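Take a look at the structure set out below.
Please read all numbers here as calculations on a predicted model, not as lab measurements.
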Amino acid sequence: MPALEQALCRSNVWGVFARRVVLPWAIGKQKLQGRVLEIGSGGGAMVARLLQAYPDITMTALDPDPTMVEASRHRLTGYGDRVDAVTGDATRLRFDAETFDVVVSFLMLHHVGAWERALAEAVRVLRPGGVLIGYDLLDTAIARLVHRADHADIRLVSEGDLRRLLIELGMTEVTVRRRFGGLAATFTAQRAPSEVVPWTGNTRVNNIEAVSDVGPAIRKDRK
């Protein structure tokens, strides 16, 4: 993540924006419960707000940047054993299958080159009936221009590709909604309460063949 975005994620301004705008957009009327994982948690602003809003949940905040993880730990000190901030790769999650009741992702996917693999991993660690919630920038001329200006290495998400992949991953009740004049989208989906998630590991998105080496781990052998 570029230095400017790191600074923003650690700022009070982002904390206020997250609380007043981002979370109402993304969470909507969802009632979170149980174990919650945020992938790409940055400086922990979203985690802090979710812990405040849902006093019965516990959270794991995962980010690939050790600097951001330390910032999260500092911000979340007051929540004790309700939260754990860890370093990790969203495309190769360290957690066992069916570990979490909810996985959230806020403005993170476009920073992951293989965002399809990150979503496949999010589905893998969700329990049957678990919910995936998030929002991200869409592939627009404005988003490309802004990130080109700050020399960020990104791969933006398209609305259609996001919806198709979630369906292919076996998710149900898939909803993708454009926000902020089409610059961003919120998405929600539920892990099917079945034994098999029909992820083939081969999906064409943005005219790029994305082959996931975590796909087979999502499937369970039929009895």
Side-chain angles (χ1 to χ4, degrees), residues 1 5-6 8-10 14 18 22-23 25-27 30 32 34-51 54 57-73 75-76 79 82-127 130-137 152-157 161-162 165-166 169 171 174 176 184-191 197 199 205 210 212-215 217-218:
M1 182 183 291
E5 288 191 50
Q6 286 191 21
L8 176 64
C9 287
R10 294 195 297 266
W14 176 250
V22 176
L23 286 179
W25 269 358
I27 302 297
Q30 296 276 356
L32 306 192
R35 297 187 66 184
V36 181
L37 168 68
E38 182 181 0
I39 52 176
S41 53
M46 302 295 199
V47 176
R49 179 54 184 159
L50 289 173
L51 289 168
Y54 302 95
I57 67 172
T58 60
M59 291 199 66
T60 298
L62 180 137
D63 197 272
D65 188 335
T67 301
M68 301 307 286
V69 172
E70 283 304 313
S72 289
R73 288 172 179 164
R75 174 177 256 152
L76 302 170
Y79 294 99
R82 289 184 62 205
V83 62
D84 187 23
V86 298
T87 304
D89 181 353
T91 68
R92 299 177 185 277
L93 293 176
R94 62 173 71 183
F95 313 109
D96 292 336
E98 301 182 5
T99 295
F100 296 96
D101 300 288
V102 182
V103 176
V104 295
S105 168
F106 303 118
L107 208 62
M108 183 281 296
L109 291 178
H110 68 281
H111 288 292
V112 180
W115 56 261
E116 303 88 354
R117 188 174 297 160
L119 286 178
E121 277 288 81
V123 172
R124 181 181 67 81
V125 301
L126 270 176
R127 292 171 177 154
V131 180
L132 173 67
I133 302 170
Y135 99 105
D136 218 288
L137 294 179
D153 182 16
I154 64 163
R155 182 163 162 256
L156 292 161
V157 178
D161 288 338
L162 178 58
L165 181 64
L166 290 173
L169 286 168
M171 300 295 275
V174 174
V176 181
T186 57
F187 57 92
T188 61
Q190 187 174 41
R191 167 84 186 261
V197 177
W199 166 237
V205 291
S212 173
D213 60 3
V214 300
I218 298 173

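- For S41, the side chain to side chain contact (heavy atoms under 4.5 Å, CB included) partners at least two apart in sequence or on another chain are E38, V47, A61, D63, S72.
- Looking only at side-chain heavy atoms (C-beta outward), I27 and F106 come within less than 4.5 Å of each other.
- Contact annotation: the side chain of L169 approaches that of L119 to within less than 4.5 Å [non-hydrogen atoms, C-beta and beyond].
- Nearest heavy-atom pair across V174 and A189 is CG2-CB, 3.9 Å.
- Qualifying salt bridge (Lys or Arg N to Asp or Glu O under 4.0 Å) partners for R94, counting only residues two or more places apart in sequence or in other chains: none.
- Applying the salt bridge (Lys or Arg N to Asp or Glu O under 4.0 Å) test to R127 and every residue at least two apart in sequence or in another chain returns D101.
- With rounding to the nearest 0.5 Å, the separation of CD in Q30 from CD in Q190 is 8.5 Å.
- Note: R73 CZ to M68 CE = 13.0 Å, rounded to the nearest 0.5 Å.
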Going through the distances and angles, do D136 and W115 end up as a side-chain contact (heavy atoms from CB on, under 4.5 Å)? CA-CA 11 Å; D136 218 288; W115 56 261; over 6 Å; no

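- The minimum heavy-atom distance between A26 and Y135, with the atom names listed, is CB-CB, 4.5 Å.
- In this structure, L166 CG and E116 CD are separated by 11.0 Å, a value rounded to the nearest 0.5 Å.
- Side chains of T87 and L62 form no contact here, defined as non-hydrogen atoms less than 4.5 Å apart.
- Using a 4.5 Å heavy-atom cutoff, the side chains of F100 and L93 are not in contact.
- Taking the side chain as every heavy atom from C-beta outward, L132 and V102 never approach each other to under 4.5 Å.
- M59 is not listed as a side-chain neighbour of L37, based on a closest heavy-atom distance of 4.5 Å or more.
- How far CD1 of I57 is from CZ of R82: 6.0 Å, rounded to the nearest 0.5 Å.
- The shortest distance between side-chain heavy atoms of L109 and F187 falls below 4.5 Å.
- Between T91 atom OG1 and I39 atom CD1 the span is 10.0 Å, to the nearest 0.5 Å.
- To the nearest 0.5 Å, atoms CZ (R191) and CZ (R124) are separated by 10.0 Å.
- In this structure, L32 and L50 have side chains that are in contact, with non-hydrogen atoms separated by less than 4.5 Å.
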